[in-house]
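Naming convention: chains lettered A, B, ... in sequence-line order (proteins, then strands); numbering from 1 in each chain.
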Amino acid sequence: MKDVFHNLIGSESIFKNREVLSHSYIPDILPHREKQIEELAKILAPALKGENPSNVFIYGKTGTGKTAVAKFMGKQLVNKGEELKIATNFVYINCEIVDTQYRVLQNISNHFIRKWEERVPFTGWPTDEVYSKLVETIDRTGGVTIIVLDEVDKVKDDEVLYNLSRINYDLKKARASIIGISNDLKFTEFLDPRIKSSLGQENVVFPPYTADELADILIERATIALKENSLEENVIPLCSALAAQEHGDARRALDLLRVAAEIAEREGEKKITERHVKIAENKIELDRVNEIVKTLPVQSKIVLMSAIIGNESYDDLTTGDLYEIYKDLCKISGISALTQRRVADLISELDMLGIITARVISKGRYGRTREIEVFSPDKIKETIEKSGDLPDLKDYKPKLQSKLL
DNA sequence: AGTCCACAGGAAGGGCAGGCGA
DNA sequence: TCGCCTGCCCTTCCTGTGGACT
């Protein structure tokens, strides 16, 4: 039998250390975040002297280095603690995954619980008991504890933020500081004023990176991640320019470089070129869209399919036209149709996800509506068809409704 | 200037599922 | 196990709206 892996393992890799370009990697140097690191250090330093540290609220858009800096600070603090022989702990919770009061408290508690002790179960304890256990374990550990709540706006119950932000009042010996991270700049506006004042004692803002700053970050990482001479001159400027267009998103810049490198490697080339970056850009966008489409509920898939079919049949697809097609598709699929009001909302949701554009336009006498257009319809169609949620629609042709046709 | 279209989109409330405490 | 609460999805009803047409 043919050795199918031969070519893939045999070819020389472009990577020295692939991990360095992944999201989870925390580098030793964080370029262009010196100011934020210094600010955070000033805020957290009192903890090492046995004083109550302030709670901090960090905000900035995705890929501005918030999480990386927070984790970096944790690492630094633990090192410093060891040096000064002060117990220091760092707990990181991603509130997108751990999003209820109980689970947040449970996760932090279990971080401190000793091997032979009973862990706080997934469910079953009264919430206040979990909180008491948490206070007890932090106090027993002593020293300084930094609790990072990443994506803190995803927490379903504000009460946990209130409790945690005031935990120093309940601690007898130990000290704790809460770092809340959010990319929703308006998050604090809607917070209970009690939480706002205790959680946001200090605010640190992470501005988006500029293209030049992104280039520095990429150079830093590429030096560790990739072999020498594996980059064509224009690759890093292109990656950083594309990511800067987005909103200075370092994560996107790293993704572009990583995927471009993977493509180049698969093609058996020794150098990453601009062409690889362009392919990477398309691939990332398509993967994102496919991922979203796959996880859409059936009704949204039918709406999306209606939009695609509508785009093929109408020059300017309006909400009304789409709804007619949608009703047909529901009938064919044997699914009960939603009202036009609800479908209008589903259209808005798809618009917000960036899969379609729905622009409000006025056709004067012929009313006000939205003009709907689908991005990369062929690929989306393929994804929906593969999902098997809808029957075969090859023979379906919409009855054209629009008065303006 | 007024009319009128085809919706947009807000408000209110029903139905249902899941979580939670007793 | 039961009742209550909450959040989500959805419907119904409604008012508002931009601009072509009269």
Would A:Asp28 and A:Lys75 pass as an ion pair if we require N to O under 4.0 Å?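 Salt bridge flag = yes for A:Lys75 with A:Asp28.
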Lys/Arg N to Asp/Glu carboxylate O, A:Lys42 vs A:Glu38, below 4.0 Å: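 Judged by the 4.0 Å cut-off on N to carboxylate O distance, A:Lys42 and A:Glu38 do form a salt bridge.
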Length of the [atom1]-[atom2] vector between [X] and [N], whole Å:
{"X": "A:Gln340", "N": "C:dC13", "atom1": "CD", "atom2": "P", "value": "15 Å"}
{"X": "A:Arg365", "N": "B:dA1", "atom1": "CZ", "atom2": "P", "value": "18 Å"}
{"X": "A:Ile372", "N": "B:dA8", "atom1": "CD1", "atom2": "P", "value": "7 Å"}
{"X": "A:Gln299", "N": "C:dC9", "atom1": "CD", "atom2": "P", "value": "12 Å"}
{"X": "A:Arg342", "N": "C:dC9", "atom1": "CZ", "atom2": "P", "value": "6 Å"}

Does the base of C:dT11 carry an N or O that pairs as donor and acceptor with the side chain of A:Arg341 under 3.5 Å?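 Counting by modelled atom types and ignoring angles, no donor-acceptor contact under 3.5 Å is found here.
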Please check the phosphate of C:dT17 (OP1 and OP2 only) for any side-chain N or O of A:Ser362 closer than 4.0 Å.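 It does not, given that no N or O in the side chain of A:Ser362 lies less than 4.0 Å from OP1 or OP2 of C:dT17.
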Is the distance from OP1 or OP2 of B:dA8 to the nearest side-chain N or O of A:Arg370 less than 4.0 Å?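 For B:dA8, OP1 or OP2 has a side-chain N or O of A:Arg370 closer than 4.0 Å.
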Search all heavy atoms of A:Ser333 against all heavy atoms of A:Pro391 and return the closest pair with its distance.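 Looking at all heavy atoms of both residues, the shortest contact is OG-CD, 3.3 Å.
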Name the nucleic acid region contacted by A:Ala337, choosing base, sugar-phosphate or nothing; use a 4.0 angstrom heavy-atom cut-off, strictly under.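 Sugar-phosphate, no base atom in range.
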From the options A:Ile43, A:Val144, A:Ile167, A:Ile146, select the one residue that forms a side chain to side chain contact (heavy atoms under 4.5 Å, CB included) with A:Ser177.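 With A:Ser177 as partner, A:Ile43, A:Val144, A:Ile167, A:Ile146 yield a single side chain to side chain contact (heavy atoms under 4.5 Å, CB included), made by A:Ile146.
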